[in-house]
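Worth knowing before you read on, the calculation uses all heavy atoms, side chains too, and leaves out hydrogens, waters and symmetry mates.
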Amino acid sequence: MSAATAAPELLKVSEVMARLKLSRTKVYDLIRTHRLVSIKVDGCRRIPADAVADFIRGQIERAA
């Protein structure tokens, strides 16, 4: 698989919690308010790693 066609890395909510240093409730709140993109895979919530990076960039831009 080439880099252009590689599937995005999907993270569990617990992994996003660790990366952002946020509670489970806060991560689900970000998902619910569409500030953090997520998908469901067979009932399991997954967040693309790119979505986490986009969220962080957006927060930095707003703070600047």
Side-chain angles (χ1 to χ4, degrees):
M1 209 178 248
S2 71
T5 60
E9 179 186 10
L10 296 176
L11 305 171
K12 296 177 182 178
V13 170
S14 60
E15 293 170 317
V16 175
M17 290 167 54
R19 287 188 184 197
L20 297 178
K21 311 271 191 285
L22 295 174
S23 70
R24 179 179 185 86
T25 301
K26 186 58 181 176
V27 171
Y28 275 107
D29 183 54
L30 292 172
I31 292 168
R32 183 181 54 77
T33 58
H34 305 286
R35 292 171 60 203
L36 186 60
V37 174
S38 72
I39 61 171
K40 271 193 154 181
V41 179
D42 292 333
C44 298
R45 184 67 59 186
R46 294 294 180 257
I47 301 97
D50 290 347
V52 176
D54 291 344
F55 173 77
I56 293 169
R57 271 192 296 277
Q59 293 299 107
I60 291 170
E61 288 172 3
R62 265 189 242 148

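- Closest heavy-atom contact between Val37 and Ile47: O-CG2, 3.3 Å.
- One hydrophobic cluster, built from ILVMFWY side chains closer than 4.5 Å, holds both Leu22 and Ile56.
- Grouping the Ile, Leu, Val, Met, Phe, Trp and Tyr side chains by contacts below 4.5 angstrom, directly or via other members, places Val16 apart from Leu10.
- In this structure, the side chains of Pro48 and Leu11 stay at 4.5 Å or more apart for every pair of heavy atoms.
- Between Lys26 and Asp29, the closest side-chain pair of non-hydrogen atoms falls below 4.5 Å.
- One distance of note links CG of Leu30 with CD of Gln59; it measures 8.0 Å at 0.5 Å rounding.
- Looking at Arg46 and Lys12, their side chains come closer than 4.5 Å, going by heavy atoms from C-beta outward.
- Nearest heavy atoms, Phe55 versus Arg35: CD1-O, 3.5 Å.
- Val41 and Val13 fall into different hydrophobic clusters, defined by Ile, Leu, Val, Met, Phe, Trp and Tyr side-chain heavy atoms under 4.5 Å apart, directly or through other members.
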